[in-house]
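Remember, it's 1-based here, ligands and their atoms both numbered in the order they're listed.
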Amino acid sequence: MRIGITCYPTYGGSGVVATELGMELAARGHDIHFISYAPPIRMNPNDPRIHFHEVEVVSYPLFDHPPYTLALATKMLEVFESESLDLLHVHYAIPHSVSAMLARSMAVPRRLPFVTTLHGTDITLVGSNRSYLPITRFSIEQSDGVTAISRYLLGQTLKEFEIKRPIEVIPNFVNCDLYNRTADKGLAAQWAPNGEPILMHLSNFRPVKRLTDAVEIFAIVRAKMPTKLVLIGDGPDRGAAEYIVRKRCLQKDVFFLGKQDAVYEKLAAADLFLLPSQLESFGLAALEAMACEVPVIATNVGGVPEVVQHGVDGYLVQPGDVKEAARYAIEILSRADRGREMGKTARVNAKKNFCANDVIPAYENYYKRILSES
Ligand code: GMT
């Protein structure tokens with residue numbers, strides 16, 4: 001198939017899922033055309049089946065807000081024509097599904113079906129804002145196919161948007177060959193020269209991730225035992241987290257790595273992963289950690305319990321309950337095996353429920369169904 005994929009190219013879960021999906025599909029022989037304003041961060045530009053088409057947004061003094069949605073729709077049509085696309089797959093409803101809807105209308109009488117994948121905040125935060133709700137609902141209803149990345153998100157979409165059309169749950173996935181324990185390239189020894197356990201967090205540091213809670217949890221753990229904290233990513237809450245690190249005199253024990261490639265190499269060096277988010281429709285970073293045999297302490301919100309089983313792959317606590325999270329962290333890291341057994345179980349479950357080898361065919365079958373129906 002020849003598939004156009006649109007996503008946000010920046011550091012965020014939906015862009016990561018879209019990019020990994022494109023690369024997995026390319027590995028299975030499909031031609032993938034990413035259409036966005038910049039190459040997605042995890043995209044491999046050297047793969048001959050992966051192509052990137054930049055959306056050029058022209059600014060003009062009259063435009064306080066350049067109309068990206070229109071430029072994107074135009075580029076989608078252009079790529080459809082030049083590359084004979086079979087379908088478009090857009091990740092994150094706003095505004096991508098609106099652009100795809102316009103491109104499909106402009107393509108008539110030729111056929112350009114599009115699939116919208118809902119990721120979370122496009123429904124729970126942005127989409128339910130009254131400036132965006134009617135158009136988001138309309139473009140979801142008009143999509144040829146719609147998928148949601150968790151049962152939780154499906155429920156929220158049906159409830160918040162009162163949508164009647166069918167929506168398929170196709171969960172996020174992880175490449176279990178790439179994400180595994182042996183991926184550690186000696187980083188653990190670099191961060192923790194005396195073999196101290198390593199706690200890790202990976203996100204875009206937006207307020208919804210509660211990054212400062214990760215630091216507070218670490219501070220409690222560190223007071224009880226020598227440990228290190230590795231923070232991967234960047235975003236608005238970095239300054240607040242750095243402030244707490246200084247206030248608690250933890251500078252020697254906390255590493256801010258910034259945005260990173262090959263996150264599997266870093267995750268494989270961790271002993272425990274922290275995801276203290278206010279809300280997660282899935283929690284992709286937790287899944288990636290699990291695949292690397294890292295137990296997870298996360299919050300009991302949204303779709304996270306579909307990924308992390310409490311007491312099996314790690315533990316779930318209420319958002320903001322840093323004391324309880326720290327208690328579980330100390331409990332795991334004080335075990336004779338330092339949580340290795342739990343980490344191994346986490347990988348088994350990640351592989352069983354969310355392995356790319358199973359999820360990618362689900363997307364391929366869904367595309368075939370949409371193409372045969374539309
Ligand atoms: O959560 C974010 O910071 C960004 C957002 C995105 O679209 O980039 O993430 C959402 O999509 C991810 C991939 O499907 C999910 O793993 C996240 O749980 C989801 N975030 C929220 O629901 C808050």
Check the pair T147, T117 against side-chain hydrogen bond (donor to acceptor under 3.5 Å, both in side chains), reporting the backbone distance first and the verdict last. CA-CA 5 Å; T147 76; T117 289; 2.7 Å; yes
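- Interface atoms of ligand 1 facing L284, defined by a heavy-atom separation under 4.0 Å, are 16 (O).
- Looking at E280, R206, Q278, H119 and measuring to atom 18 (O) of ligand 1, the nearest heavy atom belongs to E280.
- Formation of a donor-acceptor pair under 3.5 Å by the N180 side chain with backbone atoms of D177 is found in this model.
- Applying the 4.0 Å criterion to heavy atoms of Y92 picks out, from ligand 1, the atoms 7 (O).
- Looking at L21 and F173, their side chains come closer than 4.5 Å, going by heavy atoms from C-beta outward.
- In the vicinity of N172, heavy-atom distances shorter than 4.0 Å reach the ligand 1 atoms 13 (C), 14 (O), 16 (O).
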Test log, rule side-chain hydrogen bond (donor to acceptor under 3.5 Å, both in side chains), inputs H53 and E78: CA-CA 10 Å; H53 306 266; E78 201 180 296; over 6 Å; no
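- Remark: D31 engages R2 in a salt bridge, criterion side-chain N to carboxylate O under 4.0 Å.
- At least one donor-acceptor pair closer than 3.5 Å links the side chain of N353 to the backbone N or O of N349.
- Every atom of ligand 1 with a heavy atom of N204 under 4.0 Å away is listed here by number and element: 2 (C), 3 (O), 4 (C).
- Atoms of ligand 1 found under 4.0 Å from any heavy atom of G13 (numbered from 1 in listed order, with element): 6 (C), 8 (O), 12 (C), 13 (C).
- For ligand 1, the atoms closer than 4.0 angstrom to any heavy atom of K209 are 1 (O), 2 (C), 3 (O).
- Polar contact with ligand 1: present for G283 (N/O pair, distance under 3.5 Å).
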Show, in sequence, the C-alpha distance, side-chain angles and deciding distance for Y68 and S99, and conclude whether the side-chain hydrogen bond (donor to acceptor under 3.5 Å, both in side chains) test is met. CA-CA 9 Å; Y68 177 67; S99 302; over 6 Å; no
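- Against a heavy-atom cut-off of under 4.0 Å, G12 is close to the following atoms of ligand 1: 8 (O).
- Against a heavy-atom cut-off of under 4.0 Å, T121 is close to the following atoms of ligand 1: 23 (C).
- Look at E24 and R28 and you find no salt bridge, because none of the NZ, NE, NH1 or NH2 atoms lies under 4.0 Å from a carboxylate O.
- Not close to ligand 1: G302, with no non-hydrogen atom less than 4.0 angstrom away.
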